[in-house]
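Since the structure is predicted, the reported quantities are computational estimates derived from the model, not experimental observations. Side chains included, hydrogens not; waters and symmetry mates left out as well; all remaining heavy atoms used. Quick note on labels: first sequence line is chain A, next is B, and so on, each numbered from 1.
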2 protein chains.
Amino acid sequence: MEVKSQKKTPRRRSTRQRRVILQVLRSTKSHPTADWVYEQVRQEIPNISLGTVYRNLKLLRDMGEVMELSFGSTYSRFDGNPEPHYHFSCKDCGRVFDVDIPVAKELEDAVRRQHGWEVLYHRTEFYGCCNDCKQQQEEKQP
Amino acid sequence: MEVKSQKKTPRRRSTRQRRVILQVLRSTKSHPTADWVYEQVRQEIPNISLGTVYRNLKLLRDMGEVMELSFGSTYSRFDGNPEPHYHFSCKDCGRVFDVDIPVAKELEDAVRRQHGWEVLYHRTEFYGCCNDCKQQQEEKQP
DNA sequence: ATAAATGCAAAACTTTTGCACCCGA
DNA sequence: TCGGGTGCAAAAGTTTTGCATTTAT
């Protein structure tokens with residue numbers, strides 16, 4: 001629920017570590033974990049450290065070069081309502097809200113038709129800025 | 001990537017701990033973390049252990065009583081393709097695949113209209129059984 | 001030169017688990 | 001009674017971080 005402070009991003013340097021990490025990620029479709037990336041990169045840079053991999057993954061994600069598949073935080077959140085519904089996560093205050101639009105079951109049919117998989121359900125999270133945070137920003141810069 | 005073994009679920013007992021945990025989850029819309037639930041339940045059962053909270057959250061999730069908001073695993077996965085696209089996660093083999101259907105931007109409009117939030121993007125994961133796993137199951141039980 | 005990036009290791013966090021004891025059905 | 005559930009504490013697993021050193025620009 002912490003508010004992110006926005007400081008100017010420093011100019012990025014091109015390092016071998018970062019280049020290889022990106023190259024590993026670009027050359028697989030397996031949606032790997034940080035640890036898998038680490039193992040792969042080690043074959044090219046044996047003494048790279050796991051910390052460097054984590055730092056660069058976060059950086060590359062912030063630079064829009066790669067996508068991180070997670071629910072925003074490192075821990076799970078729980079919802080007392082087990083009925084299928086969508087969620088909205090505010091990037092500024094971190095709160096998660098229920099979304100009040102119907103679940104698009106037709107997307108599941110489209111996936112079935114396209115790939116043949118058995119689709120049981122789907123989950124969608126929207127990301128953006130909630131009304132409270134929008135208002136706060138207006139107050140700061142009118 | 002591990003395959004889940006399916007053993008018969010034992011008959012569940014109704015314990016005070018489980019009842020209070022569910023009650024806490026049902027009476028909030030804040031999509032709390034396990035730790036927050038723990039703190040709340042402690043106000044009613046001061047000597048409950050965090051392990052019990054985790055065990056029951058997992059149990060309640062498996063019983064379909066609550067929803068867990070996470071990407072399936074406790075760690076992040078990364079995708080070298082930063083372009084918006086959907087994912088499919090096989091519940092049996094754990095692999096994650098790219099989904100080849102167009103992103104439903106119109107859902108974002110619907111959320112905007114309904115709630116007024118500024119929506120930047122959304123992410124959708126489908127869950128089910130992939131073709132490899134479907135075939136393996138057929139071989140076992142023809 | 002100088003600020004960003006790295007390697008290493010320790011630390012921080014979240015989640016799981018082994019085990020003896022407890023308790024609900 | 002009896003097997004599921006709990007408390008406690010240790011362990012596991014993932015991610016972050018402090019610091020001295022290296023390196024890209």
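Annotation for A:Val66 and B:Gly80: closest pair CG1-CA, 4.3 Å, computed over non-hydrogen atoms. For the pair B:Phe88 and B:Cys129, the tightest heavy-atom approach, listed with the atom from each and the gap, is CZ-N, 3.6 Å. Here the shortest heavy-atom pairing between B:Ala34 and B:Leu57 reads CB-CD1, 3.6 Å.
Atom CZ in B:Arg77 sits roughly 17 Å away from atom C1' in D:dT15 (whole-Å rounding). What separates CG of B:Asn47 from P of D:dT6 is a distance of 12 Å, to the nearest Å. We find that CG of B:Asp62 is positioned 12 Å from P of D:dG5, with the value rounded to whole Å. Straight-line distance from the CD1 atom of B:Ile45 to the P atom of D:dC8: 12 Å, rounded to whole Å. Per the geometry, CD belonging to B:Glu68 stands 10 Å off C1' belonging to C:dT15, to the nearest Å. Rounded to an integer number of Å, the gap from B:Trp36 CH2 to C:dT14 C1' is 18 Å. The distance from atom CD of B:Glu39 to atom P of C:dC13 is 14 Å, rounded to the nearest whole Å. Atom-to-atom, CZ of A:Arg19 to P of C:dA4 comes out at 18 Å; the value is rounded to the nearest Å.
Side-chain contact of B:Ser89 with B:Glu125: a donor-acceptor pair under 3.5 Å is absent, judged by distance alone.
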With side-chain contact (heavy atoms from CB on, under 4.5 Å) as the test, would you mind laying out the steps for A:Val99 and B:His115 before giving the verdict? CA-CA 8 Å; A:Val99 170; B:His115 295 278; 4.3 Å; yes
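A salt bridge is defined here as a Lys NZ or Arg NE, NH1 or NH2 lying under 4.0 Å from an Asp or Glu carboxylate O, and B:Asp92 with B:Lys134 fails to meet this definition.
More than 12 heavy-atom neighbours from other residues, nucleotides or ligands sit within 6.0 angstrom of CD on B:Glu106.
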If the sugar-phosphate is the primed atoms plus P, OP1 and OP2 and the base is the rest, what is the B/S/- string for nucleotides 17-25 of chain D, using protein heavy atoms under 4.0 Å? BB----BBS
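Contact annotation: B:Gln17 does not reach the phosphate of C:dC23 (side-chain N/O to OP1 or OP2, under 4.0 Å).
Backbone-only contact: B:Ser76 has heavy atoms under 4.0 Å from sugar-phosphate atoms and none from a base. Backbone-only contact: B:Asn56 has heavy atoms under 4.0 Å from sugar-phosphate atoms and none from a base.
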